[in-house]
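Written out below as structure tokens is the structure these notes cover.
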Amino acid sequence: MRKSGLLSALAYLSTARAATPEEWRARSIYQIITDRFARPGGDISSPCNTKDQVYCGGTYQGIIDRLDYIQGMGIDSIWISPITAQIAENTPSGSSYHGYWQSNLYELNSLFGSAEELNALAAELHARNMYLMVDVVVNHNGWAGEASSVDYSQFVPFNSKDQYNEPCDIDYDDQSSIEDCWLVTTGTSLPDLKTSDPGVAEVFNSWITGLVSNYSVDGLRIDTVKHVEKEFFPAFVEAAGVYSIGEILDGDPAYTCPYQDYMPGVLNYPVYYPLLETFQATTGSMGRLIEGMNGVSQACADPSLLGTFSENHDTPRFASYTDDIALAQNVLAFNVLADGIPIIYAGQEQHYSGGNDPDNREAVWLSGFPTDAPLYQLIASANKLRTFAAANEPEYITTLTSVLSNDEHTVAMKKGNVVTVLTNVGANGGDASITVEGTGYTGEVMDVISCEPQAVEGGNLAVTLSGGAPKVFYPVEALAGSGLCETT
Ligand SMILES: *[C@@H]1O[C@H](CO)[C@@H](O)[C@H](O)[C@H]1NC(C)=O
């Protein structure tokens with residue numbers, strides 16, 4: 001029997017939502033600070049002084065206008081700043097342009113655009129088969145003043161003092177203090193919600209159900225997760241009904257990985273720090289990166305659902321440590337092709353170099369959005385190969401990376417049929433050579449970064465990395481249809 005047009009349209013809408021962890025696994029994410037990515041109307045000249053810590057004018061419409069730029073990197077999902085209404089004051093520590101100082105969970109931050117514009121962004125993403133991930137904060141609100149001066153009646157919906165923990169400064173050696181005390185009690189304080197209260201949790205759960213549904217959200221990035229009791233999250237994530245990834249800002253896999261028992265994804269800080277230590281200078285040790293990868297694959301329940309990154313809005317840009325473009329290329333090749341869902345922080349593709357917050361929150365429009373930038377091109381090649389391998393090899397995404405060979409400065413890693421060879425000798429360190437055994441390759445392979453073929457001898461590769469650039473190999477005969485290296 002034919003359904004009416006309206007009924008089938010409704011059926012489509014209800015099934016189009018609720019992107020699961022399995023659906024997110026093969027995706028890659030572009031992290032956007034909404035205020036700092038794109039201004040509407042093609043504006044690429046309005047200044048933005050990061051030190052001022054005020055709104056610079058990026059909007060949802062600006063993002064819509066630049067989706068081709070994002071897709072050109074082979075990226076199919078975006079993570080945007082929290083969408084909720086914020087405190088209005090310009091405080092000694094700046095304004096709420098980042099979205100982490102919310103005051104009303106049921107209103108939108110109108111400086112990013114209207115509900116219609118946010119819905120238009122979701123619709124445009126979905127028309128391109130892209131996903132929308134929204135950042136959400138359940139740990140705290142924002143208040144322009146000392147903890148002692150908070151007027152709780154100003155907040156929506158949590159407008160009563162007994163819905164908050166008592167102000168105290170965190171003792172980072174004590175997990176219950178990390179959860180119950182306030183992240184900030186002076187300057188612009190962060191009133192800490194009593195998420196352990198079942199009434200508070202219930203309101204949060206119905207709020208997130210409404211938010212995901214009203215704005216067609218496909219995934220959540222959850223802020224400051226280690227500051228909230230783990231027990232809060234299973235019901236919250238279930239109420240959201242979509243893949244959720246938590247920020248647990250800690251590099252110890254024994255601390256961070258267990259959160260995967262409470263939510264599907266966690267940001268891969270346990271690999272971020274070793275990655276940085278290995279590549280931020282040519283003196284770094286490849287053993288450090290391998291140790292970090294092993295730590296995660298042993299401690300995390302499912303490394304393929306981690307969010308693997310090499311920069312974000314809380315960490316100094318990679319190029320603030322070194323301007324060596326070859327080191328940046330190696331970091332990005334790992335970022336995209338190692339285990340986990342790759343996250344690229346907007347501006348990284350333009351080799352932005354800001355240091356600590358707020359310097360690392362540069363306006364991306366000031367780059368002019370060139371697509372011929374070397375890191376933009378590298379991200380595109382790596383992402384296209386990853387997406388292609390995921391479509392062609394059923395086990396690719398869930399197969400964990402194994403190290404085939406390494407020395408102090410060079411490593412060859414295998415994931416499915418992809419072999420990635422990285423080095424930290426840098427652009428001026430001469431050739432790095434390594435013999436890679438056990439690739440499983442039988443025919444010719446191609447380096448999809450340079451599009452140069454590589455000989456295979458009995459399954460072994462004698463690889464030379466010139467100018468410190470990474471190489472990423474895939475069987476030539478399997479590349480047909482990938483759009484990589486113009487194969488015919
Ligand atoms: C979602 O929309 C419903 C219906 O308009 C509204 O009652 C609810 O407050 C909205 N929730 C959020 C989080 O915007």
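All values below were derived from every heavy atom in this structure, side-chain atoms included, with hydrogens, water molecules and symmetry-related copies excluded. Every number for a ligand or one of its atoms is a count from 1 in the order of the listing. As the structure is a prediction and not an experimental result, all values here were calculated from the model.
For Phe334, there are no ring pair (Phe, Tyr, Trp, His ring centres under 6.0 Å) partners two or more places apart in sequence or in a different chain.
The protein heavy-atom contact nearest to atom 1 (C) of ligand 1 is Asn214 ND2, 1.5 Å.
Side chains of Ser177 and Asp171: no donor on one and acceptor on the other come within 3.5 Å. Side chains of His126 and Asp218: a donor on one and an acceptor on the other come within 3.5 Å.
There is no protein heavy atom closer than 4.0 angstrom to atom 4 (C) of ligand 1. Protein heavy atoms are found inside the 4.0 Å sphere centred on atom 11 (N) of ligand 1.
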side-chain contact (heavy atoms from CB on, under 4.5 Å) between Lys226 and Tyr259, worked out: CA-CA 9 Å; Lys226 76 175 184 186; Tyr259 282 86; 3.9 Å; yes

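In the vicinity of Leu211, heavy-atom distances shorter than 4.0 Å reach the ligand 1 atoms 13 (C). In summary, the atoms of ligand 1 found under 4.0 Å from a heavy atom of Trp207, numbered by their order in the structure, are 13 (C).
The part of Tyr106 lying near ligand 1 is the side chain, judged by heavy-atom distances below 4.0 Å.
When each of Phe279, Tyr345, Phe309 is tested with Tyr272 by the rule ring pair (Phe, Tyr, Trp, His ring centres under 6.0 Å), just one qualifies, namely Phe309.
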